[in-house]
Amino acid sequence: MERDHGVRVIYDGADMSKADAVRGLTGTTVETVRTLDILVNNAGIQFTAPMEEFPAAKWHAILDINLSAAFHGIAAAVPQMKKQRWGRIVNIASTHGLVASTHKAAYVAAKHGLVGLTKVVGLETAGSGVTCNAICPGWVRTPLVEKQIDDIAARKNISQREALKSLLAEKQPSLDFVSPAQLGGTVAFLCSAAADQITGTAISVDGGWTAQ
């Protein structure tokens, strides 16, 4: 990253499931670079099971990483951003923040919660120079989705290629994955002057999934 883009990168191995660690990460950023302009909440984990079989420990783990980490990061970032009179908060939610799928109780609940949190923060920071928005991607070929492709292939006794097509056909009318570059471009747009009056919103980048 430093070599390719000519920027300074600092790594902090904070445990995103721990409130103090998340808030400390934000504090360290301000202490190190003396400013905090953009916060992107992108941490996420997944586990699938029917409701009656869903382990309580998995429920809590997913809520901690997918929702509470964003809450703590935002709570720590907003005072500095308001002080600067400028800041951009972008929460990477999911299509599952707008609609549901079976066997994903914790993930869907967390992502719906993240969209709701985005609206509250958008209202509370309105007019301060700070905006808060959510991006709701459809299928992106991440390790989380790779595992779901593997699970479909095993369950249906089909090839990975067939499982991939099955996954896309069920939900995503474009029949193609959203790319990380497309999501990055959406984040960049939300951080640009063109988006100064966009706040508290959820933007779908999902190949038509939620249009159905």
Side-chain angles (χ1 to χ4, degrees), residues 1 4-5 9 11-17 22 25 38-49 54-55 58-71 73 89-115 117-118 133-156 158-191 202-212:
M1 178 70 75
D4 294 343
H5 299 284
V9 176
Y11 170 76
D12 188 312
D15 183 343
M16 301 302 287
S17 69
V22 176
L25 172 60
I38 299 168
L39 170 64
V40 180
N41 288 302
N42 190 43
I45 58 173
Q46 176 65 290
F47 180 83
T48 61
F54 211 100
K58 292 293 186 182
W59 168 272
H60 290 295
I62 290 171
L63 267 289
D64 283 346
I65 295 290
N66 294 20
L67 178 58
S68 295
F71 163 75
I89 300 165
V90 182
N91 298 318
I92 307 301
S94 168
T95 298
H96 284 117
L98 303 172
V99 296
S101 293
T102 58
H103 299 175
K104 297 181 179 180
Y107 190 84
V108 170
K111 293 301 187 177
H112 270 68
L114 190 55
V115 171
L117 177 64
T118 299
N133 293 287
I135 296 174
C136 297
W139 292 128
V140 184
R141 199 159 185 179
T142 64
L144 291 182
V145 172
E146 289 289 355
K147 184 180 184 306
Q148 292 182 62
I149 293 169
D150 291 342
D151 290 346
I152 291 170
R155 187 173 69 249
K156 295 184 177 181
I158 57 179
S159 70
Q160 273 211 328
R161 184 176 178 81
E162 290 172 316
L164 184 153
K165 288 181 177 178
S166 174
L167 181 83
L168 288 169
E170 181 185 359
K171 301 285 189 180
Q172 199 144 302
S174 67
L175 300 180
D176 197 6
F177 286 102
V178 179
S179 74
Q182 288 164 345
L183 295 179
T186 308
V187 172
F189 164 70
L190 288 172
C191 296
I203 297 177
S204 295
V205 185
D206 63 7
W209 182 332
T210 52
Q212 299 176 95

Verify side chain to side chain contact (heavy atoms under 4.5 Å, CB included) between I38 and V40, making sure each step is shown before the conclusion.
CA-CA 7 Å; I38 299 168; V40 180; 3.9 Å; yes

Under 3.5 Å donor-acceptor, S166 side chain and E162 backbone:
no

If only side-chain N and O atoms count, and only distance matters, is there a donor-acceptor pair under 3.5 Å linking Q148 with K104?
yes

In terms of heavy-atom contacts, I149 and L167 come closest through CG1-CD2, 3.9 Å

Between atom CD1 of I135 and atom CG of N41, what is the distance when rounded to the nearest 0.5 Å?
11.5 Å

Side chain to side chain donor-acceptor pair (under 3.5 Å) against N66, all qualifying residues, sequence neighbours excluded:
none

Please enumerate all residues that pass side chain to side chain contact (heavy atoms under 4.5 Å, CB included) together with A106, with sequence neighbours excluded.
F54, W59, I62, L63

Partner residues of Q182 under the side chain to side chain contact (heavy atoms under 4.5 Å, CB included) criterion, sequence neighbours left out
V178, S179

What residues form a side chain to side chain contact (heavy atoms under 4.5 Å, CB included) with D12, not counting sequence neighbours?
A14, L25, T28

I'd like to know if the side chain of N91 and the backbone of A93 have a donor-acceptor N/O pair within less than 3.5 Å.
no

Between C136 and A202, the two heavy atoms sitting closest are SG-CB, 3.9 Å

Rounding to 0.5 Å, atoms CH2 (W209) and CD (E170) come to a distance of 8.0 Å

For T210 versus S204, what's the shortest heavy-atom pair and its separation?
OG1-OG, 3.5 Å

For the residue pair K171 and A100, what are the closest heavy atoms and their distance?
NZ-O, 4.2 Å

Residue pairs, two or more places apart or on separate chains, that pass side-chain hydrogen bond (donor to acceptor under 3.5 Å, both in side chains) and touch residues 133-146
N133-T201, R141-E146

Answer yes when R155 and D151 have at least one side-chain N-carboxylate O distance shorter than 4.0 Å, and no when they do not.
no

Can you name the one residue among N42, V140, V90 that meets side chain to side chain contact (heavy atoms under 4.5 Å, CB included) with L183?
V140

For the residue pair L175 and A169, what are the closest heavy atoms and their distance?
CD2-CA, 3.7 Å

With a 4.5 Å heavy-atom cut-off, do V99 and V108 have their side chains touching?
no

Would you say V145 and F177 make side-chain contact, with heavy atoms under 4.5 Å?
yes

side-chain hydrogen bond (donor to acceptor under 3.5 Å, both in side chains) for S174 and D176? Distances and angles first, verdict last.
CA-CA 5 Å; S174 67; D176 197 6; over 6 Å; no

Polar contact flag, side-chain donor to acceptor under 3.5 angstrom, T95-K111:
no

Could you work out, with side chain to side chain contact (heavy atoms under 4.5 Å, CB included) as the rule, every residue matching K165, not counting sequence neighbours?
R161

If we ignore hydrogens and angles and just use 3.5 Å, is the side chain of D64 paired with the main-chain N or O of S68 as donor and acceptor?
no

Give the minimum heavy-atom separation between G73 and V22, together with the two atoms involved.
N-CG1, 3.5 Å

